[in-house]
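Shown next, in structure tokens, is the structure this report addresses.
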Amino acid sequence: KNSRSKRMTNYSLGQITTLVAGVLQGDSERVITDITFDSRKLTNPEHSIFFALKTARNDGHSFVESAFKKGVKAFVVSHDCASDLSASFIKVEHPLYALQRLAESHRNRFKIPVIAITGSNGKTIVKDWLSQIISQKINAAVSPRSYNSQIGVSLSLWQIDPQNELAIIEAGISKPNEMDCLAQMIQPTLGVFTNIGDAHLVNFKDRKQLIKEKAQLFKGAEKVIANSNSLMLINELKSLKVPLHTWGVNESDDVKIGICKFSDKTELLVNNTTVFTISFTDDASIENACHALVTAMVLKIDETTIQEGLTSLESLDMRLQVLKGKNNCTIINDAYSADLKALEQSLNLANNYAHERPKVLIISKFYKATSADYNHIKDLAISNQINRLITIGIDPLIAQNRLNASEHFTNVDAFLRSKVYKLFNSEIVIIKGARKFKLEKIAQRLQLKNHQTVLAAKLAQIQFLLLKDFQYWDLILHSL
């Protein structure tokens, strides 16, 4: 609890009631650190507040009792629920609106730059690639995966904590009049408009209407990064008085980028002076990398760090995966980024698959981690009933004394040489760490491979040998 309070911004139920303009029945002093709306996904129920949201498929009020039984003691509801629950309730007219106002208030507590990313395609990958590039220089709060909806943006903003120097928030819409609400919550200082296409166009009259709606996100932003090659997008943004910072091949662009493709890489000549190299050759990946590159330049990240980040860029196959492992194991592979909020999500997912099976957590060193952070990791391991904790690249003293790690390895290769993984049997293995440690190599080694191709090759070989034998005996018989 102490490590958590040092790292995170806490709220009392009384404060939350005021922020969402609700009516409280219960304990106004109860401390809240986490938001949830899904009773199946609880990592810290004692200090969570459950928003009973109505969606197209479910009504959260139906799951209040389930969340209570799992330890949640605070709820935001629009009507009375089970009166026999010894819990606190904040009554509001619309729980979703209350969630958004809470997220907005939380965002306003932090005077840090906030980058908002929108567009028809590429939002998630630009966000994640930008995060990779700047991760060695800036401690950023980043939207998890594709959390870009009315609910997702709220949860993303809630992640911002006092240690963050920047926030990168993804925003998406599917129909008119949705962006104003997201813009009010995010209040970006810098924007990225990836591109405009036919994605999500079904509920809009045409692309111009879609551009106009998405552009509402950038009211008050100091700069909005966009590719000048998209003429319709640029012209519409100019007509809306959006403060553009363009990149492209034109001399008039704020950042001029020449693109030279090779068979296995692409070189990006920036402002006729600096060459950056990426390992992708397809147009979509090049455009996404350029958005991330230019945004990093605006953030004044040095060229060496940018190139190191570009070199390590991966496709988003590395994002959270559930894999079938050898020896009846299940692999939760999140070898993509090292941050505590994402670790909580990985552990939560693992709990859904565990069904009383033992759990192994393999983690790498976390960027700029403090003593409080490692205490928090230890608390998470305990509260999520991790049976075995294995560290990669973490100082041995921290691994042993603070984390109570079962084993410690200097790098992934040392872990693989140890053959420790061969002892995993019927366990949930959670792999979580920074990209630089290449923990995906562990996931690949643990994953149950599909042997159909090998089997087919073996059968073909047997078939060939049988055919040779048949032809040999046929030749003998004909010679008699």
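Not measured: the values here are computed from a predicted model.
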Under the 3.5 angstrom rule, does the side chain of [X] hit a backbone N or O of [Y] as a donor-acceptor pair?
X: Gln159; Y: Leu155; value: no
X: Glu213; Y: Met179; value: yes
X: Thr17; Y: Leu13; value: yes
X: Ser120; Y: Gly197; value: yes
X: Arg30; Y: Glu46; value: yes
X: Glu427; Y: Asn425; value: yes
X: Asp180; Y: Asn177; value: no
X: Glu407; Y: Ile390; value: no
X: Asp59; Y: Ser62; value: no
X: Asn387; Y: Lys359; value: yes

Within 45° cone of [Y] ring axis and under 6.0 Å: [X] NZ or CZ:
X: Lys73; Y: Phe68; value: yes
X: Arg445; Y: Phe415; value: no
X: Arg101; Y: Tyr97; value: yes

Rounded distance (nearest 0.5 Å) linking atom [atom1] of [X] with atom [atom2] of [Y]:
X: Ile398; Y: Asn375; atom1: CD1; atom2: CG; result: 10.0 Å
X: Gln184; Y: Ile186; atom1: CD; atom2: CD1; result: 11.0 Å
X: Gln444; Y: Ile331; atom1: CD; atom2: CD1; result: 12.0 Å
X: Leu446; Y: Ile431; atom1: CG; atom2: CD1; result: 5.0 Å
X: Ile125; Y: Glu287; atom1: CD1; atom2: CD; result: 11.5 Å
X: Ser28; Y: Ile16; atom1: OG; atom2: CD1; result: 11.5 Å

Any side-chain heavy atom of [X] within less than 4.5 Å of one from [Y]?
X: Leu310; Y: Leu313; answer: yes
X: Val242; Y: Glu236; answer: no
X: Leu157; Y: Glu104; answer: no
X: Leu361; Y: Leu380; answer: no
X: Phe51; Y: Leu102; answer: yes
X: Thr295; Y: Ile133; answer: no
X: Ile35; Y: His106; answer: no
X: Phe204; Y: Ile173; answer: yes

Just checking, any donor-acceptor pair under 3.5 angstrom between side chains of [X] and [Y]?
X: Asn195; Y: Asn227; value: no
X: Ser48; Y: Asp34; value: no
X: Lys422; Y: Asn327; value: no
X: Glu178; Y: Gln150; value: no
X: Glu344; Y: His376; value: yes
X: Thr370; Y: Asp373; value: yes
X: Ser156; Y: Glu170; value: no

His47 vs Ile32, test: side-chain contact (heavy atoms from CB on, under 4.5 Å). Steps then yes/no. CA-CA 5 Å; His47 295 290; Ile32 299 298; 5.5 Å; no

Could you pull out the closest heavy-atom pair between [X] and [Y], with the gap in Å?
X: Leu99; Y: Ser154; answer: CG-CB, 3.7 Å
X: Leu403; Y: Lys378; answer: CD2-N, 4.0 Å
X: Phe280; Y: Ser285; answer: CB-CB, 3.6 Å
X: Asn148; Y: Lys123; answer: ND2-CE, 3.7 Å
X: Leu244; Y: Ala226; answer: CD2-CB, 4.2 Å
X: Trp247; Y: Cys290; answer: CH2-CB, 3.5 Å

Ser78 pairs by side-chain hydrogen bond (donor to acceptor under 3.5 Å, both in side chains) with which of His94, Glu93, His61? His61

Would Arg40 and Asp38 count as a salt bridge (charged side-chain N to carboxylate O under 4.0 Å, His left out) here? Give the steps. CA-CA 5 Å; Arg40 300 166 301 177; Asp38 189 336; 2.8 Å; yes

For atom [atom1] of [X], decide whether the heavy atoms of other residues, nucleotides or ligands shown that lie under 6.0 angstrom number more than 12.
X: Asn229; atom1: CG; result: no
X: Lys70; atom1: NZ; result: yes
X: Gln25; atom1: CD; result: no
X: Lys212; atom1: NZ; result: no

Is the gap between the ring centers of Tyr147 and Trp158 under 6.0 Å? no

Walk me through it: do Phe37 and Thr55 pass the test side-chain contact (heavy atoms from CB on, under 4.5 Å)? CA-CA 11 Å; Phe37 66 95; Thr55 66; 5.9 Å; no

Under the side-chain contact (heavy atoms from CB on, under 4.5 Å) criterion, do Asn404 and Leu389 qualify, and how do the steps go? CA-CA 8 Å; Asn404 290 340; Leu389 177 61; over 6 Å; no

Derivation and outcome, side-chain contact (heavy atoms from CB on, under 4.5 Å), residues Val76 and Val20: CA-CA 10 Å; Val76 177; Val20 303; 5.6 Å; no

